[in-house]
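Shown next, in C-alpha cells, is the structure this report addresses.
Just so we're on the same page: letters track the sequence lines, and every chain starts at 1.
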8 protein chains.
Amino acid sequence: MTEVNDISGVLFDYGRAARIGLPEAVYSQGKPFPILVSLLEKFAAGEPPILFTRLDEEVAGRVPPEIMSEYDYDPVSRTAFVRPLPPRAKGSVGVLSAGSADAPVARECARTLEYLGIKFALYEDRGVAGLWRVIQSLPDINSHDAVIVTAGMEGALASVIGGLCPKPVYAVPTSIGYGAGANGEAALLGMLSSCASGVAVLNIDNGYGAACAAARVLGIL
Amino acid sequence: MTEVNDISGVLFDYGRAARIGLPEAVYSQGKPFPILVSLLEKFAAGEPPILFTRLDEEVAGRVPPEIMSEYDYDPVSRTAFVRPLPPRAKGSVGVLSAGSADAPVARECARTLEYLGIKFALYEDRGVAGLWRVIQSLPDINSHDAVIVTAGMEGALASVIGGLCPKPVYAVPTSIGYGAGANGEAALLGMLSSCASGVAVLNIDNGYGAACAAARVLGIL
Amino acid sequence: MTEVNDISGVLFDYGRAARIGLPEAVYSQGKPFPILVSLLEKFAAGEPPILFTRLDEEVAGRVPPEIMSEYDYDPVSRTAFVRPLPPRAKGSVGVLSAGSADAPVARECARTLEYLGIKFALYEDRGVAGLWRVIQSLPDINSHDAVIVTAGMEGALASVIGGLCPKPVYAVPTSIGYGAGANGEAALLGMLSSCASGVAVLNIDNGYGAACAAARVLGIL
Amino acid sequence: MTEVNDISGVLFDYGRAARIGLPEAVYSQGKPFPILVSLLEKFAAGEPPILFTRLDEEVAGRVPPEIMSEYDYDPVSRTAFVRPLPPRAKGSVGVLSAGSADAPVARECARTLEYLGIKFALYEDRGVAGLWRVIQSLPDINSHDAVIVTAGMEGALASVIGGLCPKPVYAVPTSIGYGAGANGEAALLGMLSSCASGVAVLNIDNGYGAACAAARVLGIL
Amino acid sequence: MTEVNDISGVLFDYGRAARIGLPEAVYSQGKPFPILVSLLEKFAAGEPPILFTRLDEEVAGRVPPEIMSEYDYDPVSRTAFVRPLPPRAKGSVGVLSAGSADAPVARECARTLEYLGIKFALYEDRGVAGLWRVIQSLPDINSHDAVIVTAGMEGALASVIGGLCPKPVYAVPTSIGYGAGANGEAALLGMLSSCASGVAVLNIDNGYGAACAAARVLGIL
Amino acid sequence: MTEVNDISGVLFDYGRAARIGLPEAVYSQGKPFPILVSLLEKFAAGEPPILFTRLDEEVAGRVPPEIMSEYDYDPVSRTAFVRPLPPRAKGSVGVLSAGSADAPVARECARTLEYLGIKFALYEDRGVAGLWRVIQSLPDINSHDAVIVTAGMEGALASVIGGLCPKPVYAVPTSIGYGAGANGEAALLGMLSSCASGVAVLNIDNGYGAACAAARVLGIL
Amino acid sequence: MTEVNDISGVLFDYGRAARIGLPEAVYSQGKPFPILVSLLEKFAAGEPPILFTRLDEEVAGRVPPEIMSEYDYDPVSRTAFVRPLPPRAKGSVGVLSAGSADAPVARECARTLEYLGIKFALYEDRGVAGLWRVIQSLPDINSHDAVIVTAGMEGALASVIGGLCPKPVYAVPTSIGYGAGANGEAALLGMLSSCASGVAVLNIDNGYGAACAAARVLGIL
Amino acid sequence: MTEVNDISGVLFDYGRAARIGLPEAVYSQGKPFPILVSLLEKFAAGEPPILFTRLDEEVAGRVPPEIMSEYDYDPVSRTAFVRPLPPRAKGSVGVLSAGSADAPVARECARTLEYLGIKFALYEDRGVAGLWRVIQSLPDINSHDAVIVTAGMEGALASVIGGLCPKPVYAVPTSIGYGAGANGEAALLGMLSSCASGVAVLNIDNGYGAACAAARVLGIL
C-alpha cells in the first residue's frame with residue numbers, strides 16, 4: 001500500500017501553463033492532510049509559484065509553520081501562494097459582489113487575478129435591492145475588459161449587469177441563501193436562465209474559475 | 001360504479017364566498033371531460049357566477065356550443081365566466097409581466113380580478129434586461145394597492161420591483177425558460193430567495209392565486 | 001487586498017426605508033465574523049436602529065460584550081436590535097405556529113414586527129392533527145389585518161387557515177420534519193400547492209420576510 | 001429473436017393468490033401492444049378472472065372488439081376485468097377523494113375493491129378548503145374497517161382524516177396540481193410528512209395498491 | 001416576547017387518544033432545549049404516560065437527572081416514556097430489519113409498540129443478499145397480524161416480504177446507504193415502487209409512524 | 001450554412017473497433033431526420049455492418065423503403081443492422097427481465113449481442129414478487145459468463161441475482177414505473193445502492209450499453 | 001381585455017444594441033401564436049434586422065407565407081432573420097459539436113454569429129470517444145479568438161478542449177442523452193464541474209447565448 | 001428490549017462466499033458503536049478473515065486497542081482486515097484515479113483487492129485536464145484484465161478510458177467537487193451518460209463495490 005504522505009505518484013501537470021497559459025492549481029479541500037502538506041512543502045520554494053485554493057484557516061493553522069510562513073495566505077478567500085506570477089496581459093478585470101456575504105468568493109476571484117499577474121478592481125455590496133449602488137458605478141465597471149459578478153440569493157445582479165455592460169460577463173453564484181435554493185442553487189439557475197444575452201456562468205462559489213475565464217479573455221499565453 | 005358524468009357526488013363549497021369572500025372556482029385542467037361539461041352546464045345560468053380556470057381552447061371547443069356560448073371565454077388566459085361579480089373593494093391592483101411570453105399568466109391574473117369585480121392595470125413586457133421599461137412606469141405602478149409580478153427565466157423583475165415599491169408585492173413565476181430551471185423552477189427559486197424584503201410568492205403559473213391574494217389585501221368580505 | 005474587517009466598501013442602502021418603508025436589515029449567517037462585528041459596532045448607537053437576523057447564540061457570544069450589550073438579543077428567534085422603530089401602521093398581525101418546534105421561525109416573525117413597531121399576537125401550537133386548537137381561536141385570528149402561518153411537516157395548517165380566514169395569509173414553511181421532504185421542502189411544496197385560494201408563500205424559515213410582507217399590507221411608508 | 005406477440009415466455013405468477021391472497025394483476029401502461037392483446041385474449045375466459053389496470057380508453061379502443069367485449073371496462077378508472085372474484089372478507093373500505101379531479105385514482109381504488117369482492121363506499125370531493133364536507137361525513141367514514149384518502153395539490157386531507165379517524169388510513173397522492181410539486185410530488189411529500197400518526201402512503205396515483213393494502217387489513221387469504 | 005421555557009402556550013392535544021386511540025407524542029428533535037425540558041418535566045409523573053421520540057443520547061444527558069431518571073430511556077431507539085400504556089389490542093406485530101445498521105429504526109418501532117401495550121417480535125438482519133435468512137423465518141413472520149419492514153440501501157426486503165406475506169405490510173426506508181440515494185431516498189423510492197401489491201410506506205426512518213399504523217390495524221380504540 | 005442532409009462533416013470513428021473491439025453505433029433518437037437517413041443509406045451496403053439503436057418504428061417507417069429494406073429491423077428493441085458481425089468470443093451472456101414491460105430494453109440487449117456475434121439466452125418475466133421464477137432458473141443463469149438484469153419499478157431483481165450468482169452482473173434500470181421514481185429513477189437508485197456486492201449499473205434503458213459491457217467481459221478484441 | 005394579437009403593449013428594447021452591442025432577439029417558443037406573427041410582421045422590413053430563435057419548422061409553416069418569405073429561415077437551428085447585421089468585430093469563433101445530434105444547438109450558435117456579422121468555423125462530430133478527431137483539428141481550433149463547445153451525454157469534450165486550448169471557452173450542454181441526466185443535466189453538471197480551469201457555461205441548448213458571449217469577447221460595441 | 005451490544009440476533013451470511021465467492025463484509029459507517037465493536041471482536045481471530053469498510057480513523061481510535069491491534073488498518077481507505085484471503089484468480093486489475101483527492105476511494109478499491117487476494121496496480125492522478133498523463137500509461141493500463149476508474153468533478157476520465165481500453169471498465173464517481181453536482185452527482189451522471197460504450201458504473205465512492213465487480217470478472221468461485 002502506498003504511504004499516505006507519499007506524493008511520488010502525483011503527476012503534476014507542469015505543461016499546463018505552456019499549453020493554455022494557466023498553471024495547475026491545488027484545490028485543497030478534501031485532500032488528505034498529509035498529501036496537502038507534502039504539496040505545500042514541495043512548492044514552498046516558489047519555482048514555479050503555485051496557487052492553493054479552498055485552504056481553510058483551520059487547516060492552514062495545522063500546517064507546520066516553517067512551511068506555511070513561506071506563503072502569502074488570505075483567510076477570507078482561503079488562498080495561498082508564495083508570490084504572484086509576473087505581470088502579463090494588458091487590460092483589467094472588474095469583480096462585483098452583491099453583498100458582503102459574497103466576500104469569500106469575490107476575493108477568491110481577486111486573489112487569483114493577483115496571483116496571475118492581472119490587474120483588477122473590486123466592487124462589493126452592489127445588490128439589486130438598492131439599484132443605485134450598481135448604476136452609480138457603471139462607467140467604472142464598463143471600463144474593464146471583463147466583468148465578474150458574484151451573487152447569492154436570487155443572483156439578479158448578473159441579469160442587471162448583463163443588460164447594461166457590453167463586455168464579457170462571467171457570473172458566479174455563491175452559496176449564500178436559505179431554504180429552497182440555498183447553497184447557491186437559486187442563484188445558479190437564475191444566472192443560467194438570465195434574460196440578459198451572453199452571460200456565461202461558473203459553478204457555485206467558483207471564484208477561481210471565473211478569474212481563469214477572465215484571464216483567457218485578456219490573453220494569457 | 002358512479003357514472004362518469006354524474007356530478008351528484010360533487011360537494012360544491014357554496015359557503016366559501018361567505019367565509020372568505022372568494023367563491024370556489026373550477027380548475028378545469030385534468031378534470032374528466034364529462035364532469036367538466038356537467039359543471040359548465042350547471043353554472044351556465046350564472047347563479048352564482050363561477051370562474052373556470054385552465055380551460056384550454058381545444059377543450060373549450062369540444063364543449064357543446066349551447067353551453068359554452070353562455071360564457072365569456074378568453075383563450076390566452078384560458079378563463080371563462082358568465083359575468084363578473086359586482087364591483088367591490090376599493091383600490092386597484094397593478095399586474096406586471098416581464099415579457100410577452102408571460103401573457104397567459106398575467107392575463108389569468110387580470111381576468112380573475114375582472115371576475116372578482118376589482119380594478120386593475122396591466123403593465124406587460126417590463127423585463128430587467130431593459131431596466132428603463134420598469135423605471136419609467138414606477139410612479140404608476142406604485143399608485144396601486146397591491147402589485148403582482150409575473151416573470152419567467154430568472155424572475156429578477158420581482159427583486160427589482162420589491163426594492164422600489166412599498167406596496168404588497170406578489171410574485172408569480174411563469175413556466176417560461178429552457179434548460180436547467182425551465183418550467184419556472186429558476187424563477188420560483190429566485191423569487192423565494194429574493195433579496196428584496198417581503199416579496200411573497202405563488203406557485204408557478206398561478207395567476208389565479210395571485211389575484212386572490214391581492215383581493216385579500218383590498219378586502220373582499 | 002482589502003482587510004477582512006474593513007467595511008468601508010460596504011454600501012449600506014440607507015435610502016431603502018424612504019423608498020419602501022422597510023430599512024435594510026443584516027442577515028448575519030454566513031457573514032465573515034470580522035465584518036459582522038464591524039456592522040454590529042457601527043449600528044450599536046441605534047441611529048438608525050437596524051435589525052440583525054440569524055444571529056446564532058454561539059456567534060453572539062463571541063461578539064465583544066461592550067458591543068453586544070447595546071442590543072436587545074433574543075436567542076430563540078436569533079434576532080438583535082438596539083430599539084424598535086417608532087410605532088406606525090394601524091392594525092395588527094396574527095402569527096400562528098403549528099407546533100412548538102416552529103418557535104424559532106414564528107418568533108423571528110414576532111420580533112421583526114416588534115422591531116418594525118407593528119402590533120401582533122402569537123398563536124402557537126395550532127397544528128391540524130388536533131383541529132379544535134385552531135378552530136377555537138378562529139374569531140381572534142380573523143380579527144387581525146394579516147395572518148402569518150408558520151408550519152413544518154406537511155404544512156397543512158396553511159390550507160386550513162386559508163379556507164377559514166378572509167385576510168391576507170402568508171405561509172412560512174419551517175425546516176421541521178424528517179426523511180423525504182425534510183428541511184421544509186414538504187411544507188414548501190404543500191403551501192405552494194395549497195387548495196385554499198390566495199395563500200402566498202415565503203421561503204423556508206423566512207419569518208423575517210413574512211413580517212415584512214405583512215408590514216406592506218398594513219402600510220409602512 | 002422472440003416474436004413480439006409471443007407470450008410463451010411470460011411466467012404468470014399463478015401461485016400469488018394462494019400465497020398472499022392477491023392474484024397477479026396486469027399493469028397495462030407501457031406494455032408493448034401485441035403482448036397486451038395476447039394477455040387480454042388469454043384471460044378473456046375469466047379463469048381465473050384477472051384485473052387489468054392503467055388501460056387507457058384509446059388503447060382499449062384498439063383491442064379487437066371480440067376480445068374487449070368479454071371485459072367489464074371502466075374508462076375513468078382505466079380498469080378491466082371479466083367478472084369480480086367471489087365476495088370474501090368481512091367488513092368494508094371507505095374511499096375518499098379531495099376533489100373531482102381525483103376521480104381516476106379514487107375509482108381505480110373502488111374498481112379494484114369491486115374486483116376483489118370487497119365492499120366499499122365512495123366519498124368524493126371532500127377537500128379541506130371546505131372542512132365541513134369531511135366533518136359531516138365523519139361518522140360514516142369511521143364506520144369502515146380501513147380508509148383510503150386520495151388527494152392531489154398539498155394532500156392535506158390525509159392529515160385531517162388521520163387526526164380524526166382511528167382506523168387504518170392509507171393515503172394516495174394524486175398527480176393533480178401544477179407548478180412546483182405538480183405530478184403529485186407535493187401531495188406525496190406532504191402525506192409522508194403528515195403530522196397525523198400512523199398514516200401510511202402509497203405511490204402517486206396508485207389506487208390499485210391502496211385497495212390491495214386495505215384488502216390485507218380485511219383479510220384476504 | 002414569550003419566555004423561552006414558557007410552555008403555557010403549548011396546546012397539548014389531550015383528546016387525541018380518545019379520538020383515534022393514539023396519544024400525542026413528543027418529537028424531540030429540533031425542539032428548543034428549554035421547551036423540551038419543560039415537557040419532560042410536565043409528563044414525568046406519567047399521567048398520562050407520554051412517548052418522547054428522537055431524543056438523542058447527548059440531549060438526554062443534558063436534561064436534569066431528577067427529571068430524566070423518571071423515564072425509561074433507550075439510547076439506540078432514542079425513545080423515552082415513564083411507563084407503557086395498559087396492554088390492549090389482541091394480536092401482535094412482526095418487526096423486521098434488513099441489517100444491523102437499521103437497528104435504531106427497527107427498535108423505535110419496537111419501543112413504540114411496547115409503549116402502546118402491543119405485543120411484537122423483532123427479526124433483525126434479514127437482508128435479501130442472503131435470502132435464506134428471511135425465508136427460514138417466514139412461518140413465524142406470517143403468524144403476526146401486521147408486519148413492519150425496515151430497510152435501507154435499495155430496500156428490496158419490502159418487495160420480497162410483500163410477495164410472500166398476506167398480512168398488512170408497512171415498509172420503513174432507513175437512512176442507511178451512501179452516494180446517490182443515500183439518506184434513505186433509494187429505499188423510499190424503491191418501496192413506493194414495489195412490485196409487490198399493497199405494501200404501504202412510511203417516511204424515512206419513521207419507525208414511530210409504522211408502529212402507529214400497525215396499531216391501527218390491531219385496533220386501538 | 002451546411003446543408004441539413006450533408007454528412008460530409010460527420011467524422012465516423014472507424015478506428016474504434018480496432019481500438020476497443022466495439023464498432024461505433026448510431027444512436028438514432030434525436031438525430032435530425034435527414035442526417036439519419038443519410039447515415040442509413042451510407043451503411044446500407046454493410047461494410048462494415050453498423051448497429052442503429054433507438055430507431056422508433058414510426059421513424060423507420062418514414063425512411064425510403066429501398067434503404068430500410070436492406071436492414072434487419074426489430075420494432076420492439078428498436079434496432080437495425082444489415083447483418084451481424086462474425087461470431088467471436090467464447091462463452092455466452094444471460095439476459096433477464098423482471099416483467100414483460102421490460103421487453104424493449106431486454107431485447108435491445110439481446111439484439112446488440114446478436115449483432116456483436118455473441119451467444120445469449122433470454123429469461124423474461126422473472127420479477128421478485130414471485131421469487132420461484134428466478135430461483136428455478138438459477139442453474140441455467142449461473143452457467144453464463146456474464147449476466148444482465150433489466151428491471152423497472154424498484155429493481156430488486158438485481159439485488160436478488162447479485163446475491164445468488166457469482167458471475168459479472170450488469171444491472172439495467174428500465175423506465176417502467178409510475179409516480180415518484182418513475183422513468184427508472186427508483187430502479188436506478190436501487191441498483192446503485194444494491195446490498196449485493198459488485199453489481200455494476202448502466203444508465204436507465206441502456207440495454208445497448210449492458211451488452212457492450214458484457215462483450216468486454218467475454219473478450220472482444 | 002387586451003386583444004390577443006395586440007402588440008402595442010410590447011416594449012421592444014431598441015436601446016439594447018446601443019447599450020451592449022447586442023440587439024434584442026425574439027425567443028419564439030412559448031409565445032402565443034398571434035403575438036409571434038405580429039412580431040414577425042413588424043420586423044419583416046428588416047429595420048433593424050431582428051433575430052428570431054427557437055422557431056420550430058411546424059410553427060414557421062403556419063405563419064402567413066407573405067411574411068415568412070421575407071425571412072432567411074433555417075429549420076435545423078430554428079432561426080430566422082431578414083438579413084445579417086453589417087460585419088463587425090475582428091477575429092473569429094470556433095464552434096465545436098461532440099456529435100451530429102448536437103447539430104441544432106451548434107447551428108443555432110453558427111446562425112447567431114452569422115446574424116451578428118461575425119466570422120466562424122464549424123467543427124462537428126468531435127466527441128471524446130474518438131479522441132483523434134479533436135486532436136487533429138486542434139491547431140485550427142486554437143486559431144480562433146473564442147471557442148464554443150456544444151456537447152450532450154456527459155459533456156466531456158468541454159474538459160478536453162479546456163485543457164488544450166488557451167482561448168475563452170464557452171461550453172453549451174445539449175439535451176442529448178437518456179436516462180438519468182437526460183435533457184442535458186449530466187452535461188450541464190459535468191461542464192460546471194469541469195476539471196479544466198476557466199471554462200464558462202451556458203444553459204442547456206442555449207446556442208444563442210454562447211454566440212452572444214463570444215461576441216462580447218470579440219467586441220461588439 | 002435487546003441490549004445494544006447484543007449481536008446474537010445478527011445473522012451473518014456465512015454462506016455468501018460459497019455462493020458467489022465474495023464473503024460478507026461489514027460496512028462500518030452508521031453502525032451503532034457497541035454493535036461495531038462486538039463485530040470487530042468476533043472476527044479478530046480471523047476465521048474467516050472479514051473486511052471492514054468505512055471505518056473512520058476517529059471511530060477506529062475508540063475501539064479497545066486489544067481488539068483493534070489484531071487488524072491491519074489503513075486510515076486513508078478506512079479499511080481493516082486481520083489478513084488477506086489466500087491468493088486466487090489469475091490476472092490483475094488496474095485502478096486509476098483522476099486526482100489525489102480521489103485517493104480514499106481508489107485505495108478502498110486497492111485494499112479490497114488486496115484482501116480478496118487479487119493482484120492490482122494503482123495509477124493515481126491521471127485526470128483529463130492533462131491528457132498526456134493517461135495516454136503515456138495506456139499500454140500498462142490495457143494489460144490488466146479489468147480496469148477501475150475513480151474520478152470526481154465531471155468524471156470525464158471514464159469516457160476517455162472507455163474509448164481507449166477494450167477491457168471491462170468500471171467507473172466509480174467520487175464525492176469530490178463543489179457547487180452544483182458536488183457530492184459526486186456530476187461524476188455519477190456523467191459516467192452513466194458516458195459516450196464510451198459498455199462502461200458500467202458503481203455508486204458514488206463505492207470503491208469496495210468496484211473491486212468486487214472486478215473480482216467477478218477474474219473469477220472468484
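When all heavy atoms of E:Pro32 and C:Ala101 are compared, the closest pair comes out as CD-CA, 4.5 Å.
To the nearest 0.5 angstrom, E:Leu39 atom CG is 6.0 Å from C:Ser100 atom OG. Remark: E:Lys31 NZ to C:Asp102 CG distance equals 8.5 Å, nearest 0.5 Å.
Formation of a donor-acceptor pair under 3.5 Å by the E:Asn203 side chain with backbone atoms of C:Ala180 is found in this model.
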>> Set out, in order, the CA-CA distance, both residues' side-chain angles and the distance that settles side-chain contact (heavy atoms from CB on, under 4.5 Å) for E:Tyr27 and C:Met153, then state yes or no.
In response: CA-CA 11 Å; E:Tyr27 183 82; C:Met153 312 297 273; 5.9 Å; no
